[in-house]
Amino acid sequence: MELNENADIDTSQIEDQRGGGGGGGGGFGGFGGLPIPIGGGGVVGIVIFLLVAVVGGYFGVHKLGGSGSSTGLNQKCTASDKLKQLDCRNALYVNSIQAFWAKATPQYFGKTYQKSPTVFFSNRVKTGCGAADSGTGPFYCPADNKVYIDLTFYKLLADQLGAPGEFAQPYVLAHEYGHHIQDGVGIEAKMRLAQQSASSSQKNLLSVKLELQADCFAGVWAKGASDTTSANGQRIFKSLTATDIQQGIETAGKIGDDTLQQRSGQTINPAEFTHGTSADRQKWFSRGYNSGTPTNCDTFAAGAVNPGD
C-alpha cells in the first residue's frame with residue numbers, strides 16, 4: 001500500500017482531542033445510543049463490552065481538556081513529511097473512506113451521505129454515548145455520529161493481537177464507518193428495535209449480524225479505495241495490492257469473538273458472541289471486497305449468519 005504524497009489531507013474530518021484527561025470512570029451508560037466497538041471486549045477480551053455498556057450504571061463525566069488541536073494537526077499534515085506521521089496517514093484513510101461512501105450511499109441506499117468526524121483521543125474521552133477510555137478500542141457512537149480512536153490501539157493490535165500490517169489501520173476505520181452507514185440508512189435503529197423483543201441469545205445474534213455487515217462494508221470500501229480522490233483531485237492511494245487486502249482479512253481474523261475469548265483464557269461460548277467468529281469476520285470482509293457492492297452485505301437475510309459458525 002502506498003499513499004499519494006500529492007493528495008491533500010482534509011483534517012477538518014478529524015477532531016483532535018489528544019493530550020487531555022477528559023471523561024469519567026466507569027464505562028458507557030446513561031446516554032442515548034450504545035457505542036459500537038471494533039471487537040468483542042473492547043478488543044482486550046477481558047469482558048464482553050456490550051454487557052458493560054448495558055449495565056454500566058452511574059459515572060461522572062468531566063470536561064475534556066488537552067493540548068491537541070485540529071489546527072496543529074492541519075499544520076502537521078501539510079508538511080513535507082506528512083505521510084510519515086501516523087495521525088496524518090489515518091486522517092487520509094478517513095478522507096478515502098468518506099469520499100467512497102459520499103458516492104456509494106446515494107447510489108445504493110438512495111440517501112445523502114452525512115460526513116462523520118473521527119475523534120483522535122488519548123486515555124479518556126467524553127462522547128455522546130458516555131465516557132470511554134483507551135481500553136475500549138476504536139468505536140462508533142450513534143448518539144453523536146462520530147468515530148473514536150486512540151491511535152495507540154494500533155500498537156496493541158500489532159504487538160498483542162498479531163496484526164502488524166499497515167492495512168490493518170484503514171480496515172479498523174472502515175469497519176467503524178460501516179457502522180456510520182448503518183446508522184445513516186436506518187439499519188442500526190431497526191436492529192436495536194428488534195433487540196428489544198428478542199431473547200438474550202437472539203440479541204447477541206443480531207449484534208453479530210450488525211458487526212459482520214460493518215466488516216462487509218469495510219471490504220466494499222477496500223474494493224473501491226484505489227479510486228478515491230482527495231479535495232485537490234489527486235488519487236489518495238498510489239497502489240493497493242492483494243497483500244494489503246490479505247492484511248485486512250488477517251486483522252479481521254485476530255479480533256473474532258472466539259479468538260478473543262481464547263486469548264483471555266475463557267472457554268469459547270457462542271452465546272456471548274457480539275461480533276462473530278474470526279472465520280465469519282474474514283468471510284464477510286472478503287465478501288464485501290469481492291463483490292464491491294453493499295447490497296451483497298445483507299447479513300440479516302435468513303440463514304446468512306448462524307451462531308457459532
Nearest-0.5 Å distance that lies between atom OG1 in T228 and atom CD1 in I97
9.0 Å
Below 4.0 angstrom, N of the basic side chain to O of the carboxylate: do K238 and E5 qualify?
yes
Take N204 and E272 through the test side chain to side chain donor-acceptor pair (under 3.5 Å) and record every step on the way to the result.
CA-CA 7 Å; N204 281 3; E272 294 183 343; over 6 Å; no
State whether the side chain of T11 and the backbone N or O of I14 hold a donor-acceptor pair below 3.5 Å, judged by distance alone.
no
Of D16, D81, D87, which meets salt bridge (Lys or Arg N to Asp or Glu O under 4.0 Å) against K76?
D87
Spatial distance of atom NE2 (H275) from atom CD (E211) [nearest 0.5 Å]:
3.5 Å
Indicate yes or no: at least one non-hydrogen side-chain atom of D133 is less than 4.5 angstrom from one of N123.
no
Residues passing the ring-ring contact (aromatic ring centres under 6.0 Å, His included) test with F167, sequence neighbours excluded, are W221
Salt bridge check: are E188 and R192 linked by an N-O gap of less than 4.0 Å?
yes
Between T299 (side chain) and K209 (backbone), is there a donor-acceptor pair under 3.5 Å?
yes
What's the verdict on side chain to side chain donor-acceptor pair (under 3.5 Å) for T241 and D244, showing C-alpha distance, side-chain angles and the deciding distance?
CA-CA 5 Å; T241 68; D244 299 319; 3.1 Å; yes
Let me check something: do L86 and V147 share a hydrophobic cluster, defined by ILVMFWY side-chain heavy atoms less than 4.5 Å apart, either directly or through other members?
yes
Are D144 and K146 within salt-bridge range, i.e. N to O under 4.0 Å?
no
Could you list the residues that satisfy ring-ring contact (aromatic ring centres under 6.0 Å, His included) with Y113, not counting sequence neighbours?
H180
Going by ring-ring contact (aromatic ring centres under 6.0 Å, His included), name the residues that satisfy it together with Y148, two or more places apart in sequence or in a different chain.
F139
Working to the nearest 0.5 Å, report the span between CG of L205 and OG1 of T274.
11.5 Å
Hydrogens and angles aside, do Q261 and D258 bring a side-chain donor and acceptor to less than 3.5 Å of each other?
no
Under the ring-ring contact (aromatic ring centres under 6.0 Å, His included) rule, collect the residues that match up with Y177, sequence neighbours excluded.
none
Any side-chain heavy atom of T118 sitting closer than 4.5 Å to one from E15?
no
Looking at every non-hydrogen atom in both residues, tell me the closest pair between P138 and E176 and how far apart they are.
O-OE2, 3.3 Å
I need the Y171 OH to I245 CD1 distance, nearest 0.5 Å.
12.5 Å
Going from CD on Q98 to CH2 on W101, what distance comes out if it is rounded to the nearest 0.5 angstrom?
12.0 Å
Heavy-atom closest pair (Q234 atom, N6 atom, distance to 0.1 Å) is CG-O, 3.4 Å
Shortest non-hydrogen contact from W284 to A304?
CZ2-O, 3.6 Å
Step by step, would you call R124 with D150 a side chain to side chain contact (heavy atoms under 4.5 Å, CB included)?
CA-CA 9 Å; R124 293 181 180 179; D150 184 329; over 6 Å; no
All salt bridge (Lys or Arg N to Asp or Glu O under 4.0 Å) counterparts of K283, not counting sequence neighbours:
none
Output every pair passing salt bridge (charged side-chain N to carboxylate O under 4.0 Å, His left out) with a member in residues 219-229, not counting sequence neighbours, ordered by first then second residue.
D227-R235
Enumerate the residue pairs fulfilling salt bridge (charged side-chain N to carboxylate O under 4.0 Å, His left out) with a member in residues 99-121, sequence neighbours excluded, ordered by first and then second residue.
none
Tell me every residue that passes side chain to side chain contact (heavy atoms under 4.5 Å, CB included) with Q262, counting only those two or more places apart in sequence or in another chain.
I268
Can you confirm whether L161 sits close enough to R263 that some side-chain heavy atom of one is under 4.5 Å from a side-chain heavy atom of the other?
yes
Any pair counted as salt bridge (charged side-chain N to carboxylate O under 4.0 Å, His left out), so long as it reaches residues 166-175, sequence neighbours left out:
R89-E166
Restricting to non-hydrogen atoms, name the atom on I187 and the atom on Q213 that form the minimum distance, rounded to 0.1 Å.
CG2-OE1, 3.4 Å
Just by distance, do the side chain of N296 and the backbone of G292 share a donor-acceptor pair under 3.5 Å?
no
So L157 and T251, do their side chains get closer than 4.5 Å, heavy atoms only?
yes
To the nearest 0.5 Å, how far apart are OG in S201 and CG in L206?
9.5 Å
May I ask you to check whether Q114 and N145 show a side-chain donor-acceptor distance below 3.5 Å?
no
Do I9 and T78 come within less than 4.5 Å of each other through their side chains, counting heavy atoms only?
no
Heavy atoms of A222 and L240 approach each other most closely as O-CD2, 3.6 Å
Test salt bridge (Lys or Arg N to Asp or Glu O under 4.0 Å) applied to D159 - qualifying residues, sequence neighbours left out
K155
For C77, does its backbone N or O pair with a side-chain atom of Q85 as donor and acceptor, under 3.5 Å?
no
Are the side chains of L173 and Y93 in contact, using a 4.5 Å heavy-atom criterion?
yes
Side-chain heavy atoms of S207 within contact of F273, under 4.5 Å
no
Taking D280 for its side chain and G276 for its backbone only, find out whether a donor-acceptor pair lies under 3.5 Å.
no
Would you kindly say whether S278 and T259 are connected by a side-chain donor-acceptor distance under 3.5 Å?
yes
For T295, side chain to side chain contact (heavy atoms under 4.5 Å, CB included) partners two or more places apart
Y108, T293
Do you know the tightest heavy-atom contact between D8 and L92?
O-CD1, 3.8 Å
Test your reading of the model: is there a side-chain donor-acceptor pair from Q282 to the backbone of I249, 3.5 Å cut-off?
yes
Walk me through whether D215 and R281 qualify under salt bridge (Lys or Arg N to Asp or Glu O under 4.0 Å).
CA-CA 6 Å; D215 279 332; R281 298 197 72 165; 2.7 Å; yes
Taking only residues at least two apart or on different chains, which pairs with a member in residues 294-303 satisfy salt bridge (charged side-chain N to carboxylate O under 4.0 Å, His left out)?
none
Could you check whether any side-chain heavy atom of S96 comes within less than 4.5 Å of a side-chain heavy atom of F237, counting everything from C-beta outward?
yes
Which label fits H179 and Y140: parallel for a plane angle under 30°, tilted from 30 to 60°, or perpendicular past 60°?
parallel
